[in-house]
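Since the structure comes first, as structure tokens, the remarks are kept for the end.
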Amino acid sequence: MKVVLLAGGFGGARMAKALAEAGIDLTVIANVGDDEEILSLHVSPDIDSIVYALAGIDDEERGWGRKDETWNALEAVEALGGETWFQLGDRDLAMHLVRTRALRAFVPLSRVTASITEKLGIGATVLPATDDRLRTMIETRAGTFPFQEWYVGRGHRDEATGVRYEGAAEPAPGVVEALEAARLIVIAPSNPYLSVGPILAIEQIRKALVDRSAPAVAVSPLIGGQTVKGPAAQMLERFAGGTSAAHVAARYEGFVDALVLDEQDAHQAGAVEELGVRPIVAATLMRDERARAGLAHAVLEAAAVPR
Ligand code: FO1
């Protein structure tokens with residue numbers, strides 16, 4: 001079964017791993033709104049989290065970067081007074097070096113990513129949402145910041161009062177085709193504003209989703225009104241007016257036919273159904289392989305939900 005996953009951040013990487021382990025034909029469309037230049041290197045954190053998770057070389061506890069990481073280069077950079085607010089590990093640096101060199105030779109991000117996934121022996125296809133420049137900008141009372149400056153540099157301490165996606169981006173090659181050929185479209189339990197928002201901001205992707213022939217299902221990033229990681233709950237409260245599964249479903253109105261919500265939020269199933277979205281209740285915390293398998297099974301159930 002061909003499944004397309006829209007993903008970003010920690011929840012996106014874990015969902016990609018869960019679906020890949022379920023043995024389906026998987027294409028992941030990855031957020032690039034978080035991309036940043038660090039030490040003159042192009043870093044694509046969401047692509048990297050997904051790629052590392054699919055290759056089984058991710059640091060599951062930290063939620064970003066590679067496992068068995070060392071930090072010699074970063075320490076040496078620090079000793080020279082260089083930029084260290086965004087931590088690049090020794091092994092992780094290899095990714096950014098290889099990618100940056102290719103991008104500077106005008107190889108598009110989608111082609112570099114394909115080459116890297118092939119080298120790492122990853123069976124799934126990983127596509128950046130776009131090869132163009134698309135950047136998430138966070139508006140706060142202290143000013144407007146590029147995503148990583150706000151999230152990592154300032155520790156997301158300033159409440160986001162608005163989110164903007166900068167850049168006129170077209171979908172990367174294969175993105176619209178994958179959505180058209182999918183039997184099921186899945187939106188990962190990622191931050192709707194920071195991780196999925198930039199993907200949906202691309203007009204042709206929005207259109208392909210609205211015109212989809214396959215059913216689409218989102219997995220709520222909320223468990224009991226909270227998220228495992230990051231500021232999604234805070235942002236849903238501010239921008240959607242609440243932190244229930246129905247607020248997540250409303251955010252994806254027109255894009256999904258079903259919503260997987262956590263067992264702890266089962267009592268919100270009725271409110272989701274009232275929005276015309278089929279609720280699927282499951283354990284959504286992907287703490288180990290067994291939990292990932294359970295969630296993947298629940299998500300794949302949505303392939304039977306009528307469009
Ligand atoms: N997140 C942090 O909180 N601090 C870091 O220093 C940091 C470095 C980093 C390096 C490579 C990479 O792929 C991701 C990295 N992240 C770091 C994670 C990243 O900022 C965010 O988790 C994602 O952008 C959110 O989707």
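All of these numbers come straight from a predicted model, not from anything done at the bench. First listed ligand is number 1; within each ligand, the first listed atom is number 1. Because only heavy atoms are used, hydrogens play no part in the values below, and waters and symmetry mates are left out as well, while side chains stay in.
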**Prompt:** Can you list the ligand 1 atoms lying under 4.0 Å from a non-hydrogen atom of L88?
**Reply:** 10 (C)
**Asked** What residue and heavy atom of the protein are closest to atom 3 (O) of ligand 1, and at what distance?
**Response** V152 CG2, 3.7 Å
**Request:** Establish, from distance only, whether the side-chain atoms of D59 and Y52 form a donor-acceptor pair under 3.5 Å.
**Result:** no
**Prompt:** For atom 20 (O) of ligand 1, which protein heavy atom lies nearest, and how many Å away is it?
**Reply:** Q148 OE1, 2.8 Å
**Fill in**
Min over G12, P45, G33, G230 of heavy-atom distance to atom 14 (C) of ligand 1 lands on P45
**Message:** Judged on heavy-atom distance to atom 6 (O) of ligand 1, which of E36, Q87, R62 sits nearest?
**Reply:** Q87
**Request:** Below 4.0 angstrom from a heavy atom of G9, which ligand 1 atoms are there? Numbered from 1 as shown, please.
**Result:** 26 (O)
**Request:** Return the residue, atom name and 0.1 Å-rounded distance of the protein heavy atom closest to atom 23 (C) of ligand 1.
**Result:** D34 OD2, 3.5 Å
**Request:** Kindly identify the option in F10, Y151, W64 whose heavy atom sits closest to atom 21 (C) of ligand 1.
**Result:** Y151
**Message:** As a test of understanding, state which of V28, L179, V175 forms a side-chain contact (heavy atoms from CB on, under 4.5 Å) with L6.
**Reply:** L179
**Complete:** Note: N31, heavy atoms under 4.0 Å from ligand 1, region reported as neither
**Asked** Of all the atoms in ligand 1, which lie at a distance below 4.0 Å from a heavy atom belonging to D92?
**Response** 10 (C), 11 (C)
**Message:** Would the distance check show the side chain of T100 and the main-chain N or O of H42 forming a donor-acceptor pair, the cut-off being under 3.5 Å?
**Reply:** yes
**Test: R164 and E166 ion pair at under 4.0 Å** = yes
**Request:** For ligand 1, note which part of D46 has a heavy atom under 4.0 Å away: side chain, backbone, both or neither.
**Result:** side chain
**Message:** What I want to find out is whether K17 reaches D58 closely enough, with some N-O distance under 4.0 Å, to be called a salt bridge.
**Reply:** yes
**Message:** Taking the basic N atoms (NZ, or NE/NH1/NH2) and the acidic carboxylate oxygens, is any pair closer than 4.0 Å for E21 and R292?
**Reply:** yes
**Residues D92, R66: salt bridge by 4.0 Å N-O rule** = no
**Message:** Distance under 4.0 Å to a non-hydrogen atom of F147: what atoms of ligand 1 satisfy this?
**Reply:** 24 (O)
**Asked** Can a salt bridge be assigned to the pair R99 and D48 using a cut-off of 4.0 Å between side-chain N and carboxylate O?
**Response** yes
